[in-house]
Structures are given as C-alpha cells and as structure tokens.
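Reviewing the structure listed below.
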Amino acid sequence: MLHGKTIKELSSEWIEDKKKYVKRSTYALYSVLLENQILPAFGASRSLDEAEVQDFIFKKISSGLSRKSVKDIVAVIKMIKRYGIRNGVLEPAEWCLKFPMPPAKNVPVVMSLQDQKKILHYIEMNFTLKSLGIYVCLLTGMRIGEICALKWKDIDLEYGIFHVRRIIERIYIIEDGQRRTELLIGTPKTVSSLRDIPISRSLLRILKPLKKIINEDNYFLTNGQRPLEPRSYRAYYLRLLKMLGVQKVKFHGLRHSFATRCIEAGCDYKTISSILGHADISTTLNLYVHPDIAQKKKCIDKMARSMEI
C-alpha cells in the first residue's frame, strides 16, 4: 500500500530520477509507456497489486498487443515498484506473474536469392549513394538506423572494415504534457552493437574510387553534414523494390536476408551473431536457425553412418 501517494505521483518521481541515468531514447520509451499504458490502468490507484497486474497482462495480450510489448510495460511497472519499496512508500511483496503460452514463432521474411541478386546487380550498374546503402545492408546486415548514421570516416578501406559506432532514430517525446518527435543520433543501445564488419571484395571495388573524392566527415548516404533519416530511407527503399518488380520485403528483411545467406553458405553461428551485433548467440539461433526436413534427414543419415561397423 502506498503512503498517501498515487501511482501517478510515484511514477512521476521515478521517471525524473531515471532521467539522470538512462539514454534519452530509453527515457522517451519509458515516458510513452507510462502515458499510454501504465497510468490509464493504475495511475489513480494507491497500490500495485499482483492480481491487478496479472489481469492487466491478460487483457493487453487479448487485445492484440504483442508479448514483447506487454513484457516491456511490465518491466517498467516492476521498476516503479522497486523504486517505491526502496524509498519506503511501498511494502515489499513477491510477485509471480505469468504470461500466456506464446504462439508458434514466425520465420523472418527474407528476400529470395533471385530477387537479392537482381537488386545487387541493378545497384552495381546504376548506383547512387542511396542505393549503395541498400547494397551495403544486404552484404553486412546493418540496421536501417546504423546505415543512416554511417559516415565515410567509419569506412576503413585499407583493412576493409565498416566501423559501426552510432545509430539514428526518431523518438517520441512526452515532456511537461507536450508531445513531439525528435531525431536522435547516438551510440547503439548495447555494447555488442558497436562492432566492426568486414567489407566484401565486390563492395570494396565500388567504394575505393568514391572515398578519394568524398569528405570523410560526411554521412555515407547523403555525402553531406545532414543525415537521411530512417523513415525517408525506408520510403526510398520501397520505391526501388517496386521499380524493380521484386517481392515487397520490409527494410529489416535485408538484415534477415543477410543472416539467411550466411547460414546457407555454411558460416558458423557465433560469427554471424557477432556481425549482426546480437548480444547473445541464442538470439541468432532463435531467429534464423530453422532446420527443414531435408536438413533433419541429412543429420540422421550422418549419425547413422557414424555408427556403422
């Protein structure tokens, strides 16, 4: 039970304290979750009850909100709870919250090898800096925010390496009751996303003559001091797909396609995980390793042959 404070009042204190320690993008996310999800359900209450939070979980998932989104919301509720306990306004209480069984996993949508080759060939013959960014993503698995934030100085042609050091994203801000968006350029959220990615020979042949005539401090996609923001680049990418008459795949599908091609080529999963910037190899395995019946049969036959006398 709260001592004279509503959840809204406690949340306001918590997020003001949190602001000193987290990235601006994380603070913005917490603010949106509070405003849109948590306060409408619990703001007027003077307690955080396990049964009510459990009911909240079931209702949100039943309404169509993804498990990940609901887990993100619950994580914020738990942080508010810990803050209240630490500051003596909430009594300690153990929670045992449960989530419904997840549905069958969807396999990431990837480009067909034929469509991927068609795109790469077109860009080689008709490249602009914008289209070259798509070429880079297909051959490196970079995220859209990473390619938009890439600068020419991040490209080491001597050693053939892309240095991924920043990301650009448009975040939703709620401050003093005002709502707005803000374009933010900063470091990636995890240390593993700060990574070096080797450049293929085909891409090196394209980049070397360009690097000689371009300002090192300019952004890769614009060759200027201002970056291209992700939503604009996503729209450009979709127009290119339509023009080429290939299957529509989300921009993030370029990353999925890269990982899939690596697996098809027999690359080891740990290396793929490192190139993608995943914090844990299990993320790579869960997303991309889906053996089909032919692979399973090959495994069984290989095992059986090893046991033959």
Tell me whether [X] contacts the main-chain N or O of [Y] through its side chain, where contact means a donor paired with an acceptor under 3.5 Å.
X    : Y    : result
K81  : A93  : yes
S257 : G253 : yes
D17  : W14  : no
S62  : F58  : yes
Y30  : K19  : no
R255 : L276 : yes
T260 : H256 : yes
T222 : G224 : yes

### Message
Hydrogens and angles aside, do K60 and S69 bring a side-chain donor and acceptor to less than 3.5 Å of each other?
### Response
no
### Query
Is the NZ or CZ atom of K78 both under 6.0 Å from the centre of the six-membered ring of W95 and within 45° of that ring's axis?
no
### Query
Looking at F99, is K71 sitting on its ring face, NZ or CZ under 6.0 Å from the six-membered ring centre and within 45 degrees of the normal?
yes
### Message
For a side-chain contact (heavy atoms from CB on, under 4.5 Å) check, start with the C-alpha distance between Q116 and V110, then their side-chain angles and the critical distance, and finish with the verdict.
### Response
CA-CA 9 Å; Q116 187 168 333; V110 302; over 6 Å; no
### Task
Flag the pair D196 and R165 as a salt bridge only when some basic side-chain nitrogen lies within less than 4.0 angstrom of an acidic carboxylate oxygen.
yes
### Query
Is it true that D72 and K68 make a salt bridge, defined as a side-chain N closer than 4.0 Å to a carboxylate O?
yes
### Query
L184: which other cluster members, linking ILVMFWY side chains closer than 4.5 Å, directly or transitively?
I171, I173
### Query
Do the side chains of V109 and I263 join up, straight or via other hydrophobic residues, at under 4.5 Å, putting them in one cluster?
yes
Anything under 3.5 Å between a donor and an acceptor, one on a side chain of residues 238-247, the other on a protein residue two or more places apart or in another chain? List them.
none

### Task
Kindly write out the residues that satisfy side chain to side chain donor-acceptor pair (under 3.5 Å) with K153, not counting sequence neighbours, or none if the list is empty.
D217
### Task
Just do the side chain to side chain donor-acceptor pair (under 3.5 Å) check on T283 and D280 with the steps written out, would you?
CA-CA 6 Å; T283 304; D280 194 314; 5.6 Å; no
